[in-house]
Amino acid sequence: MTVDHVRGVVVDIEEPKTVNTQYGESDLCEVTIRPDRRSGEPTTVTLWGKWTENAEVIETGMEIAVYNPDEREYQGEQQYSVGGDATLVVQPDFLVDVTDIRAWVQCPRMYYLRKLDGADHAYPLVKGTVVHEVFGDLLRGRDLDTAIEEQVDAAGLDIGLLGREADEVAGDVRDHASAIQGWLRQGTLTETDGAATAADNSERDFSPAESEWRSEMTLISERFGMKGRADAVRRGMPVELKTGKNTKREPRFQDKIQATAYALMLGERAAGAGSAVEAAPDTGTLLYTKNAAVDRNEESGDLSPAKEFSIGSGLLNYVVRTRNAIAAMEYDSGVPTGYEANAKCEYCFEQDTCMAVSGRLDQESKAGTVGRAVPDEELDYFESFYTAIEAERRAVHREYAKLWEQTPEERADNDRALIDLEPIGRTELDGGRWELRATGTGAVSKIREGNLVLASDGDPVTGNAELARVERLGNEAPRASDSGNGNAVAEEIVVTADEPLDLRRLDVYPSELTTDRLQNALHDAVLLQSPEQKDVLFGRREPEFNAVEETFIDNNEAQNEAVQLAVGAEDFALVHGPPGTGKTYTLARMVRALVEGSKTPSERASGERSDPRDGGDRVLLSAFTNRAVDNLLEALEDQGYTDIVRVGTESGVREDMQKYRLETSGDPGECAGRLQNAQVVAATTATCGGSTLQTQDFDTAVVDEAGQLTEPGTLAATTLADRFVLVGDHQQLPPVVQSEDETLSTSLFERLIDAHPDAGVMLDRQYRMAQHIQAFASREFYDGQLRPATGEVAAQRLDDLDGVSTSRLPEGLRDRVAFVDPGGSQVGNTNPTEADRIAEIVASYRSAGVPADDIGVIAPYRAQVAEISKRLPDVTVDTVDRFQGSSKEVIVISFVATGTLDSPIFEDYRRINVALTRAKKALVLVGDGDALATDEVYGRMVEWARG
DNA sequence: TCTCTGCGTAGAGGA
């Protein structure tokens with residue numbers, strides 16, 4: 001029997017050796033694996049020829065897979081060898097980007113520098129991007145002039161930030177685009193059978209046949225652990241557009257490698273279970289548009305920018321071996337050592353960065369080093385965070401595995417996808433995008449409106465798949481066919497995408513963007529910040545403050561002190577804001593004080609005031625979520641401050657804050673000017689880590705909800721400013737971290753507040769909860785220091801609401817805090833009996849006159865949230881995590897668990913702190929009293945609630 | 001094995 005592949009964990013590797021075979025001398029290396037699909041008997045895999053190069057980087061413990069192996073039985077044992085048509089894949093679960101393979105081929109150092117340093121804002125990049133967009137438009141049959149005009153307009157902000165003019169860029173783009181168009185016409189001519197003439201191929205009727213061309217194809221390979229996006233595919237063959245100059249006759253090697261990688265993945269799609277190498281297209285095309293642009297201007301002969309090259313098994317396997325080298329190097333996810341370089345450094349444009357990074361990290365490098373190494377504690381810090389971020393990257397890679405799960409059980413368990421959708425239509429939108437519609441089954445998934453998803457015709461890996469944005473996940477009335485079971489709700493699903501397809505499945509698109517930005521923030525903070533700025537981060541110096549006498553808020557001492565501290569801070573200030581303490585109001589007041597203040601803290605301390613337009617701080621306002629950023633803007637607006645620019649995506653920014661949103665398209669000077677002249681810039685931390693805001697700097701960064709941010713996440717904002725203010729509550733939810741690594745789960749806010757308690761102020765008066773509701777949280781989480789701000793706050797009750805009478809409530813719900821044990825039992829992550837009871841409880845409050853809008857239901861699991869929502873369509877029902885930051889008059893909490901509390905969700909007590917402190921006037925806990933009593937803290941909570 | 005938001009995706013070029 002032959003198998004299409006073997007896969008397993010490496011348990012032993014022999015030294016490579018050279019042997020004589022019937023074909024002459026050959027290298028071989030024997031690797032022993034413990035296969036994961038067999039009984040666990042060790043199996044020998046022999047690597048032949050060039051595959052032995054990979055043997056040098058393979059370590060025991062790594063996983064390898066061999067496709068189409070030569071198989072033979074030797075002394076009763078199955079043996080496999082990699083040579084001929086077989087392919088070796090090292091660490092198949094580590095997904096390597098095609099552009100990373102390209103970088104590695106240039107120089108392995110380049111691969112690491114890209115990862116650490118991120119992209120800079122450079123004209124060739126912006127121009128290249130615009131040309132690529134125009135290329136895509138031409139393939140979609142659009143008119144050249146319109147395409148250029150629109151795409152240059154779309155890049156307005158980037159062009160403006162580089163100080164360029166639209167006309168100038170349009171001219172440059174036209175040179176490239178004309179070359180493409182000329183070549184496209186030429187191609188159409190030679191391939192159109194006889195009849196066509198040059199005249200027939202006028203601009204007007206030129207339109208590449210749909211079947212022949214496919215632009216911008218997303219490719220994800222399970223088999224090769226590789227992903228990327230091809231510029232275009234023509235008759236199944238990859239076409240890559242290069243806007244750089246290449247004066248050589250031959251295509252550049254790294255460009256060939258890039259196109260070959262796409263060819264390999266196209267081969268995998270074509271091959272089915274067969275050999276991807278054999279099925280791969282045999283030709284690749286590289287379009288060097290600058291050559292043609294130069295030729296045209298010089299009126300020299302060759303107008304064709306295209307260089308074709310043949311793709312053979314040698315090149316395809318080289319791509320796989322390079323990919324393997326990267327995956328193996330990433331196995332221990334260590335900081336690059338500096339020894340990776342194997343290219344010529346002499347002409348390298350990254351030489352300066354390369355030497356600087358090596359110098360800072362105290363490494364040797366072939367290119368040499370500059371600068372002094374950062375202190376040991378910083379090296380340790382860098383290393384531990386680098387490793388932790390890479391562990392997060394691994395977690396993202398594991399999410400990709402969901403894309404190729406195929407068994408019905410796996411698919412049913414997959415809450416990262418919406419499957420079995422029924423396509424109901426598509427519409428072409430302005431600008432060439434498509435709106436795709438389908439009806440869904442109402443299944444529970446992580447996918448939400450606004451998310452970026454992979455939309456497909458049913459199979460996201462081998463089928464037709466496109467990145468898409470979820471526009472609507474609306475519920476409709478149940479379809480007639482669903483009326484029997486009563487709980488399946490058909491929903492209309494609307495997405496937008498670049499290309500049309502039959503919408504049958506949506507998958508969460510696992511993006512490494514966050515990990516990339518965290519890595520960049522770490523690099524910027526440790527390797528680029530000045531030693532003085534880093535002193536306070538590494539505990540070498542206490543943060544300094546100037547005394548500020550001015551009163552900013554006159555009815556709340558702690559709030560006033562917080563603003564004074566922030567205004568007087570030379571390095572940083574910390575504001576600890578427990579639930580309902582007016583954190584957002586204080587923050588807005590603080591931002592106004594910073595903006596109005598004079599330039600230096602010492603000047604501020606002496607009370608001098610200069611013209612706010614040129615004297616005040618330039619402030620960066622940031623938070624982890626778009627919602628938190630928009631809440632801050634709302635508070636600023638409420639206080640009459642509107643000199644704000646909000647940077648972010650259209651789908652991320654709340655409707656009423658769109659008026660502040662920075663337009664990224666339009667007149668370059670206007671776009672850039674708006675950003676550059678803004679006194680207050682607001683954006684999520686992820687956006688702060690992006691290239692747009694990297695062009696900006698600020699006097700003060702103010703970061704809200706800082707307790708929810710990882711340390712590098714916070715640094716993405718703080719590295720853009722001279723000093724920073726962190727506002728948050730480390731007794732509420734910590735950052736969400738997917739990997740086991742604990743390094744990222746403590747926020748910078750928490751670390752600094754522990755290390756420098758004097759640099760922080762705790763807001764201790766809360767304006768939200770009745771006395772009895774806040775009592776438990778105050779005692780358990782805030783040392784009893786959290787108090788109601790006024791007697792009115794303390795004494796508030798439901799009867800205060802118009803038309804509400806608690807006398808109409810059942811006995812057990814009349815107290816401000818109640819506990820209900822409905823019986824029932826946990827089913828998966830739901831508890832239907834509890835959901836029923838919660839629906840009854842909510843109905844009681846409704847009968848007593850409480851509007852639906854004043855009631856909120858909180859559950860630990862999404863599945864239970866869905867269960868309750870079905871019964872209460874008019875009431876806000878959500879997870880604890882998503883309820884953080886808001887509040888309701890009445891809160892009902894579902895605990896789901898029965899018997900024991902063994903789910904990890906109950907381990908972090910901060911989650912219950914958040915849930916309990918959402919209520920203003922009434923709080924009902926619904927759960928299994930016995931299960932809750934098994935834990936000390938939950939036990940005390942039940943005691944308190946039973947009152 | 002539970003919580004989950006971000007980001008125009010990835011790639012755009014320089015010598």
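Below, read A as the first sequence line, B as the second, and so on, with proteins coming before strands; counting in each chain starts at 1.
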Side chain of [X] (C-beta onward), nearest among [options]:
X: Ala686(A); options: dC7(B), dG13(B), dT5(B); answer: dC7(B)
X: Thr243(A); options: dG13(B), dG11(B), dG6(B); answer: dG13(B)
X: Phe624(A); options: dA12(B), dG14(B), dT5(B); answer: dT5(B)
X: Gln258(A); options: dC7(B), dT3(B), dA12(B); answer: dA12(B)
X: Thr879(A); options: dC2(B), dA12(B), dT3(B); answer: dT3(B)
X: Pro904(A); options: dG13(B), dC4(B), dC2(B); answer: dC2(B)
X: Ser903(A); options: dC2(B), dT5(B), dA10(B); answer: dC2(B)
X: Thr649(A); options: dG13(B), dC7(B), dA12(B); answer: dC7(B)

With sequence neighbours excluded, residues passing ring pair (Phe, Tyr, Trp, His ring centres under 6.0 Å) with Tyr938(A):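 Applying ring pair (Phe, Tyr, Trp, His ring centres under 6.0 Å) to Tyr938(A) gives Phe906(A), Tyr909(A).
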
Qualifying residues under ring pair (Phe, Tyr, Trp, His ring centres under 6.0 Å), relative to His730(A), sequence neighbours excluded: His576(A), Phe749(A)

Sequence-distant partners of Ala395(A), side-chain contact (heavy atoms from CB on, under 4.5 Å), two or more places apart: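 Applying side-chain contact (heavy atoms from CB on, under 4.5 Å) to Ala395(A) gives Arg398(A), Gln738(A).
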
Could you measure between the two [atom1] atoms, the one in [N] and the one in [M], and give it in whole Å?
N: dT3(B); M: dC7(B); atom1: P; result: 22 Å
N: dC4(B); M: dG8(B); atom1: P; result: 22 Å
N: dC2(B); M: dG6(B); atom1: P; result: 23 Å

Atom pair CD/CZ of Glu449(A) and Arg469(A) - distance to nearest 0.5 Å: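 So the gap between those two atoms works out to 12.0 Å.
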
Euclidean distance, Leu287(A) CG relative to Phe135(A) CZ, rounded to 0.5 Å: 5.5 Å

Hey, is the side chain of [X] poking within less than 4.0 Å of OP1 or OP2 on [N], counting only N and O atoms?
X: Arg416(A); N: dC4(B); value: no
X: Tyr288(A); N: dG13(B); value: no
X: Thr684(A); N: dC7(B); value: yes
X: Thr99(A); N: dG11(B); value: yes
X: Arg627(A); N: dT5(B); value: no
X: Lys242(A); N: dA12(B); value: yes
X: Asn626(A); N: dC7(B); value: yes

So what does [X] touch, heavy atoms closer than 4.0 Å: a base, only the sugar-phosphate, or nothing?
X: Arg911(A); result: base
X: Tyr509(A); result: sugar-phosphate
X: Thr514(A); result: base
X: Gly228(A); result: sugar-phosphate
X: Asp231(A); result: sugar-phosphate
X: Arg433(A); result: base
X: Asn829(A); result: sugar-phosphate
X: Glu240(A); result: sugar-phosphate
X: Arg114(A); result: nothing
X: Asp255(A); result: nothing
X: Thr687(A); result: sugar-phosphate
X: Phe906(A); result: nothing
X: Phe253(A); result: nothing

For the student: nearest non-hydrogen atoms of [X] and [Y], plus distance:
X: Ala497(A); Y: Glu466(A); answer: CB-CB, 4.3 Å
X: Ile858(A); Y: Thr879(A); answer: CG2-C, 4.1 Å
X: Thr719(A); Y: Ala716(A); answer: OG1-O, 3.6 Å

Atom [atom1] of [X] to atom [atom2] of [N]: distance rounded to whole Å?
X: Asp878(A); N: dC2(B); atom1: CG; atom2: C1'; value: 15 Å
X: Ile447(A); N: dG6(B); atom1: CD1; atom2: C1'; value: 16 Å
X: His132(A); N: dG8(B); atom1: NE2; atom2: C1'; value: 16 Å
X: Ile220(A); N: dG11(B); atom1: CD1; atom2: P; value: 11 Å
X: Phe883(A); N: dT3(B); atom1: CZ; atom2: C1'; value: 15 Å
X: Asp881(A); N: dG6(B); atom1: CG; atom2: C1'; value: 15 Å
X: Glu471(A); N: dG8(B); atom1: CD; atom2: P; value: 15 Å
X: Leu286(A); N: dA12(B); atom1: CG; atom2: P; value: 11 Å

Within 45° cone and under 6.0 Å: Arg164(A) NZ/CZ vs Tyr123(A) ring: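 Yes; both conditions hold, so Arg164(A) lies above the ring face of Tyr123(A).
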
Test salt bridge (charged side-chain N to carboxylate O under 4.0 Å, His left out) applied to Lys127(A) - qualifying residues, sequence neighbours left out: none

Salt bridge (charged side-chain N to carboxylate O under 4.0 Å, His left out) partners of Asp117(A), counting only residues at least two apart: none

5'-to-3' dot-bracket of DNA chain B (Watson-Crick, G-U; under 3.5 angstrom; crossing pairs as [ ]; | other strand): ...............

